[in-house]
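Whatever order the structure lists them in is the order used to number ligands and atoms, beginning at 1. Values reported hereafter were calculated over all heavy atoms of this structure, with side chains retained and with hydrogens, waters and symmetry mates removed. The structure displayed is predicted, hence computed values, not measured ones.
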Amino acid sequence: MAAGLVFGQSPRDANYDESKVGAYRLPNPLLMANGQTVQTAAQWRGQRRPEILRLFNNHMYGKSAPKPDRLDYEVTTRAARALDGAANRREVTIWLTGKKSGPAMRLLLYLPTNAKGPVPVFLGPNFGGNHAINADPGITIAKTWMRPGPGVEASKATAAGRGKEASRWQAEMVTKQGYALATFYYGDVFPDHKDGLADSIIPHFYRPGQTAQEPDDWNAIGAWAWGLSRALDYMEKDKDLDAKRVAVLGHSRLGKTALWAGAQDERFSIVISNDSGEGGAALSRRYFGETIERINTSFPWWFNKNYKGYNQRVDSLPFDQHMLIALVAPRPVYVASAQEDQWADPRGEFLSAKAADPVYRLLGTDGMAAKEMPAIHQPVHSTIGYHIRTGKHDVTAYDWEQFLVFGKKHWGR
Ligand code: GCU
């Protein structure tokens, strides 16, 4: 049993044998709860899409707080030359609850110095604090407003963490291509540990008299996704950024988060999931790699309480993860897998992307061009994009090269 099991039950073991996957039937994304089949784009938009969103709200990621009425932010560092002069660095404090005494997140931005007009942006949360994404000594070391969790924030907020995640961010590659890179520390929104809720933004949005989470309330993934939308709120005010061309992306648990953010917030023009696996791009009904029971047992603070009810009845879920991808339609969505990341079920990630195709086609796009799962290093850049590369669970330069090609193709610049 993995460490961190809390429910006193033995989660179904992960399977790594294709012959044991067994048969499963995916819910039809175009079949409405009332039994009617979606025939038109208007029916998808007006009826089925909101219905699927509600299902994910109720049974999995929870209902998030709405967009706050006020947006308070302050640009703390401006026009600091970085990356050997190729980029300008900007740090922005964004207050999350409409008051400057309350919680804030710090957005770090790299902008190409030679930009003519507003630039498209790649935005994602990071694991190690903003100072981890680049060795640039000018970046403020994360000091979150939260109390450190068990070994989590405290260990990260030191100079030793500088540049530790640099290979995952490729700031130079991104800015050289004429795009901005934006990131914030995910712990600014919800500290990623079992007692993180109390120090997260969530209690700030409790209804009068509420003291605990309701079964369909949001949890860590919902909170991180909400933080991504707040970063986008800021981008709409920054004239150097093209807020109509923001790609939201994330790796692993933050890849799940990017999909959920992009599914809900249609202002994101491209959505990219890297090695997001269970609870992200991968099909839950496909019995391979991590299972719902495993993820809910190891990480009970990620999804809402109702989702725990599906630990042993995945077949009764009213959706599967292809319907999360379908919520992004018709906007471009990219799913990236890694060969050695079997825990995340690369084939299940591909099949899920493929199963969103009927919705993308109904909405007039080319959907997923590949008929079968492509071979290693044979990226597909149709409106639903996909690649699998060699190597481990990580974000690499190869992944970024594909994200940039995909962005350029679909943004037309
Ligand atoms: C664990 C977890 C995955 C998650 C990953 C990560 O492996 O089981 O679901 O994607 O952590 O976020 O790195």
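- Ring planes of His251 and Phe127: perpendicular class, angle over 60° (limits at 30 and 60°).
- Of all atoms in ligand 1, listed by their number and element, those nearer than 4.0 Å to a heavy atom of Ile295 are 9 (O).
- Ring pair Phe303/Trp218: centre-to-centre distance not below 6.0 Å.
- Looking at atom 9 (O) of ligand 1, its nearest protein heavy atom turns out to be Glu290 OE1, 2.6 Å.
- Only the side chain of His393 comes within contact range of ligand 1, with a heavy atom under 4.0 Å; no backbone atom does.
- The atoms of ligand 1 that sit less than 4.0 Å from any heavy atom of Phe299 are 1 (C), 2 (C), 8 (O).
- Heavy-atom proximity to Lys256, at under 4.0 Å, picks out these atoms of ligand 1: 3 (C), 4 (C), 9 (O), 10 (O).
- A salt bridge links Lys67 to Asp233: at least one charged side-chain nitrogen sits closer than 4.0 Å to a carboxylate oxygen.
- The pair Asp275-Arg389 counts as a salt bridge, with a side-chain nitrogen and a carboxylate oxygen less than 4.0 angstrom apart.
- Taking the six-membered ring where the residue is Trp, Phe403 and Tyr334 present perpendicular rings, their angle passing 60° and hence far from 30°.
- For atom 7 (O) of ligand 1, the closest non-hydrogen atom of the protein is Trp343 NE1, 3.1 Å.
- Which parts of ligand 1 touch Ser252 is read off a 4.0 Å heavy-atom cut-off, strictly below it: atoms 4 (C), 5 (C), 6 (C), 10 (O), 12 (O), 13 (O).
- Nearest protein heavy-atom neighbour of atom 12 (O) of ligand 1: Arg253 NE, 2.5 Å.
- Side chains of Phe122 and Trp400 form a contact here, defined as non-hydrogen atoms less than 4.5 Å apart.
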